Amino acid sequence: QVQLVETGGGLVQPGDSLRLSCTASGRSSIFPTMGWYRQAPGKEREFVAVARWSGGNIYYADSVKGRFTFSRGNPRNMVYLQMDNLKPEDTAIYYCAATTRTLIFSTIRQAGEYELWGQGTQVTVSS
C-alpha cells in the first residue's frame, strides 16, 4: 500500500522560511505528477504547486509564486516545498498529493485528479 507522509510544518514568524517534505512509501512510490495543496480554516482546499516531472513542468499559484519552490529529491520518492518569506495568509494545513497519471496542463491543478493524499502538516505563520 502506497502512502504519502508530510513533515516539516510548524509555527514561524512572518518572513521566515520552512521546508516541507513528502515521502512516498510502498510499491510504485515514484509518481509522474505530484502536487502540494493547502487548506486554511473555513476555506476550501487550494492548489499551491504541482509538477509533471517528465517534462520538468512546475506550476505555482500566483499567491506563492516567487516565494515557494517545489522540487524532487534523490531518491525520487521524496519531494519538497521550500517556503520563503512566509506570510500570515500562508497559514494552513499543507497536503502532498500524487497520481499515477501524467496530467495535462488543463487538469494538473485540479485536486480531484489526484488519487493519493497525505495526512497533512500544519503551517502557522504568526508574530
Side-chain angles (χ1 to χ4, degrees):
Q1 184 177 355
V2 182
Q3 288 185 317
L4 300 178
V5 178
E6 305 98 333
T7 57
L11 171 63
V12 296
Q13 295 186 338
D16 285 351
S17 298
L18 274 177
R19 189 175 82 155
L20 305 183
S21 300
C22 173
T23 303
S25 61
R27 289 181 59 185
S28 302
S29 59
I30 297 175
F31 298 91
T33 313
M34 298 187 71
W36 286 97
Y37 289 76
R38 67 187 182 187
Q39 188 166 17
K43 295 187 177 181
E44 294 187 354
R45 190 171 297 189
E46 65 174 1
F47 146 74
V48 175
V50 292
R52 182 174 55 237
W53 301 119
S54 60
N57 305 108
I58 303 176
Y59 306 97
Y60 296 94
D62 288 342
S63 58
V64 307
K65 201 172 295 182
R67 301 187 298 120
F68 289 13
T69 304
F70 186 14
S71 62
R72 185 166 64 173
N74 186 15
R76 292 187 298 161
N77 66 323
M78 296 184 68
V79 296
Y80 305 99
L81 185 68
Q82 176 67 40
M83 306 185 295
D84 298 321
N85 190 22
L86 282 161
K87 303 177 180 181
E89 52 263 41
D90 294 318
T91 295
I93 300 174
Y94 284 71
Y95 298 91
C96 179
T99 176
T100 56
R101 297 171 294 148
T102 301
L103 298 180
I104 60 176
F105 179 79
S106 62
T107 59
I108 196 170
R109 295 169 182 81
Q110 298 174 12
E113 296 294 324
Y114 295 82
E115 63 267 20
L116 188 62
W117 292 82
Q119 83 289 348
T121 185
Q122 176 72 47
V123 172
T124 303
V125 185
S126 175
S127 56

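Just so it is clear, the structure is predicted and the values come from calculations on it, not from any experiment. Just so it is clear, the values below take in all heavy atoms, side chains as well, and ignore hydrogens, waters and symmetry mates.
Of all heavy-atom pairs spanning Val50 and Tyr37, the tightest one is CG1-OH, 3.9 Å. Listed here is the closest heavy atom pair of Arg38 and Ser63: NH2-OG, 3.4 Å. Looking at every heavy atom in both residues, Cys96 comes nearest to Met34 through SG-CE, 3.8 Å. The two atoms that bring Thr7 and Thr121 nearest to each other are C-OG1, 4.4 Å, heavy atoms only. Closest approach of Gly120 and Ile93 over heavy atoms only: CA-CG2, 3.8 Å. Across every non-hydrogen atom of Thr102 and Thr33, the tightest pair is CA-OG1, 3.4 Å.
Pairs passing the ring pair (Phe, Tyr, Trp, His ring centres under 6.0 Å) check and including a residue from residues 1-22, sequence neighbours excluded, do not occur. Listed by first and then second residue, the side chain to side chain donor-acceptor pair (under 3.5 Å) pairs that reach into residues 12-25 are Ser17-Asp84, sequence neighbours excluded. Applying the ring pair (Phe, Tyr, Trp, His ring centres under 6.0 Å) test to residues at least two apart or on different chains, none of the pairs has a partner in residues 74-102.
At least one cation-pi condition fails for Arg72 and Phe70: the charged atom is not both under 6.0 angstrom from the six-membered ring centre and inside a 45 degree cone around its axis.
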- Query: So Phe31 and Val79, side chain to side chain contact (heavy atoms under 4.5 Å, CB included) or not? Walk me through it.
  - Reply: CA-CA 10 Å; Phe31 298 91; Val79 296; over 6 Å; no

- Message: Would Thr69 and Tyr60 count as a side chain to side chain contact (heavy atoms under 4.5 Å, CB included) here? Give the steps.
- Response: CA-CA 8 Å; Thr69 304; Tyr60 296 94; 3.9 Å; yes

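Under the 4.5 Å side-chain heavy-atom criterion for grouping Ile, Leu, Val, Met, Phe, Trp and Tyr, Phe47 is not connected to Phe68 through any hydrophobic cluster. Ile104 and Ile108 are not part of a single hydrophobic cluster, where members link through side-chain heavy atoms under 4.5 Å apart.
The main-chain N or O of Val5 is never found under 3.5 Å from a side-chain atom of Gln119 such that the two would form a donor-acceptor pair.
Taking a cutoff of 4.0 Å between a charged side-chain nitrogen and a carboxylate oxygen, Asp90 and Lys87 do not qualify as a salt bridge.
A 4.5 Å side-chain heavy-atom check between Glu89 and Val125 finds every atom pair outside the cut-off. Two residues are said to be in side-chain contact when any heavy atoms from C-beta on lie closer than 4.5 Å; Pro32 and Ser54 fail this criterion. Residues Leu4 and Tyr114 have side chains not in contact (no heavy-atom distance under 4.5 Å, counting atoms from C-beta outward). Using a 4.5 Å heavy-atom cutoff, the side chains of Ile30 and Trp53 are not in contact. At a threshold of 4.5 Å between non-hydrogen side-chain atoms, the residues Leu20 and Met83 count as touching.
To the nearest 0.5 angstrom, Thr91 atom OG1 is 7.5 Å from Gln122 atom CD. Considering CD of Glu113 and OG1 of Thr107, their distance stands at 4.5 Å, rounded to 0.5 Å. Here the straight-line distance linking atom OH of Tyr59 with atom CZ of Arg52 works out to 4.0 Å at 0.5 Å rounding.
For Ser71 and Gln82, the side-chain atoms include no donor-acceptor pair closer than 3.5 Å.
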